[in-house]
Amino acid sequence: MPECDTWGAVIRKDCPLAEKAEIKVEDLLPYPVFCSEQSAKADLPRWCGEKADRLNILATFNLANNGAVFVREGLGVQLTFDHLIEMTEDGPLCFRPLSPALYNKMYVIWKKYQVFTPASRLLLEEVKKALKTS
């Protein structure tokens, strides 16, 4: 896929971190952190190196919205991709990108000998066409 996912912190707007334009590892050290299990093992160590052990990862989740519930309740900071959590101008949460920036490439994957339904086959064909033109 030609696009990348951008990592950042989902925080409450009343959190001191909300005043920052971007979030560094050192900014997160005083806070409980929520993230996916996969990111705790692979992505975050790639971003913060030896400081990864200093992050207070309080809980991991499989669905980003589950982690956002903890953030809404004021229990910590969530590290996730941009645009996964619904945020409105008048809502309690905001997103701040990580610094240095952390990105993940995007992929569309399927089983090698997958039997597709007609609808899923059509979707795959349209995705392939769109990727060829981009």
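The chain is numbered in sequence order, starting from 1. The shown structure was predicted, so the numbers you read here are calculated from the model rather than taken from an experiment.
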Fill in: Distance-minimising heavy-atom pair for A21 and P97
O-CD, 3.4 Å
Worksheet item: Backbone N or O of P100 within a donor-acceptor pair of the E22 side chain at under 3.5 Å?
Response: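 Here the side-chain-to-backbone pair does not exist.
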Item to complete: Decide yes or no on side-chain contact (heavy atoms from CB on, under 4.5 Å) for L75 and F34, but give the supporting numbers first.
Response: CA-CA 9 Å; L75 300 175; F34 308 105; 4.0 Å; yes
Item to complete: Take M87 and F95, measure what side-chain contact (heavy atoms from CB on, under 4.5 Å) needs, and give me the verdict at the end.
Response: CA-CA 8 Å; M87 287 181 238; F95 180 89; 3.8 Å; yes
Discussion item. Please determine whether a side-chain nitrogen of the Lys or Arg among D27 and K24 lies less than 4.0 Å from a carboxylate oxygen of the Asp or Glu.
Written reply: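 Salt bridge absent between D27 and K24.
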Worksheet entry | Heavy-atom pair of closest approach, residues V25 and K51 | CG1-CB, 3.8 Å
Fill in: Heavy-atom check, side chain of V10 versus side chain of T80, under 4.5 Å
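Yes, side chains in contact.
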Worksheet item: To the nearest 0.5 Å, how far apart are SG in C94 and CD1 in I11?
Response: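 So the SG of C94 and the CD1 of I11 are separated by 4.0 Å.
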Fill in: Interatomic spacing from CG in L79 to CD1 in I57 - rounded to 0.5 Å
7.5 Å
Discussion item. Does any part of the side chain of C15, heavy atoms only, come nearer than 4.5 Å to the side chain of Y31, both counted from C-beta?
Written reply: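 In contact.
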Discussion item. Using 30° and 60° as the class boundaries, would you call the ring planes of W110 and F116 parallel, tilted or perpendicular?
Written reply: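 W110 and F116: perpendicular rings.
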Discussion item. Taking V69 as the starting point, is it possible to reach L93 by hopping between hydrophobic residues whose side chains are less than 4.5 Å apart?
Written reply: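 No.
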Practice prompt. Nearest 0.5 Å please: distance from the CD1 atom of I109 over to the CD atom of Q114.
Written response: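 Answer rounded to 0.5 Å: 11.0 Å.
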Worksheet item: Does a side-chain N-to-carboxylate-O contact under 4.0 Å join E37 and K41?
Response: yes
Worksheet item: So how far is it from F81 CZ to S39 OG, rounded to the nearest 0.5 Å?
Response: 8.0 Å
Fill in: Short N-O contact, K128 and E125, less than 4.0 angstrom
no
Worksheet item: Which heavy-atom pair separates E89 from K13 by the least distance, and what is that distance?
Response: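 Closest heavy-atom pair between E89 and K13: O-NZ, 2.6 Å.
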Discussion item. For the CD atom on E86, are there more than 12 heavy atoms of other groups (residues, nucleotides or ligands in this structure) within a distance under 6.0 Å?
Written reply: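 Result for CD/E86: open.
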Discussion item. Taking CD in E19 as the centre, count heavy atoms belonging to other residues, nucleotides or ligands within less than 6.0 Å. Is the count above 12?
Written reply: no
Discussion item. Hydrophobic clusters here meaning ILVMFWY residues chained together by side-chain heavy-atom distances under 4.5 Å, can you tell me if L122 and V127 are in one?
Written reply: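 Each belongs to a different hydrophobic cluster.
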Discussion item. Grouping I, L, V, M, F, W and Y whenever their side-chain heavy atoms are under 4.5 Å apart, do M106 and Y103 come out in a common cluster?
Written reply: no
Item to complete: Determine whether S99 and W47 make a side-chain contact, defined as any pair of heavy atoms from C-beta on separated by less than 4.5 Å.
Response: no
Discussion item. How long is the straight-line distance from CG of L29 back to CZ of R54, given to the nearest 0.5 Å?
Written reply: 5.0 Å
Discussion item. Is a donor from one side chain sitting under 3.5 angstrom from an acceptor on the other, for W7 and N104?
Written reply: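 There is such a pair between these side chains.
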Worksheet item: Same cluster or not: are L44 and L84 linked, directly or through other Ile, Leu, Val, Met, Phe, Trp or Tyr residues, by side-chain heavy atoms under 4.5 angstrom apart?
Response: yes
Fill in: Check: R12 side chain, R72 main-chain N or O, donor-acceptor pair, under 3.5 Å
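Looks like yes, one N/O pair under 3.5 Å.
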Practice prompt. Could you walk me through whether L58 and V33 pass side-chain contact (heavy atoms from CB on, under 4.5 Å), step by step?
Written response: CA-CA 6 Å; L58 192 60; V33 173; over 6 Å; no
Worksheet item: Looking only at heavy atoms, what is the nearest atom pair of A9 and I23, with distance?
Response: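 Scanning both residues, the minimum pair turns out to be CB-CG1, 4.0 Å.
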Fill in: Audit row: L28, L17, side-chain contact (heavy atoms from CB on, under 4.5 Å) steps and yes/no
CA-CA 9 Å; L28 295 171; L17 292 177; 4.2 Å; yes
Discussion item. In the structure I gave you, are the side-chain heavy atoms of C48 and L55 within less than 4.5 Å of one another anywhere?
Written reply: yes
Worksheet item: Would one find more than 12 heavy atoms of other residues, nucleotides or ligands at under 6.0 Å from atom CZ of F61?
Response: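 It does: F61 CZ has more than 12 such atoms within range.
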Fill in: N62 atom CG, over 12 foreign heavy atoms within 6.0 Å
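No, not enclosed.
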Item to complete: First locate atom CZ of R46, then atom CG of L102, and finally report the distance between them rounded to the nearest 0.5 Å.
Response: 4.5 Å
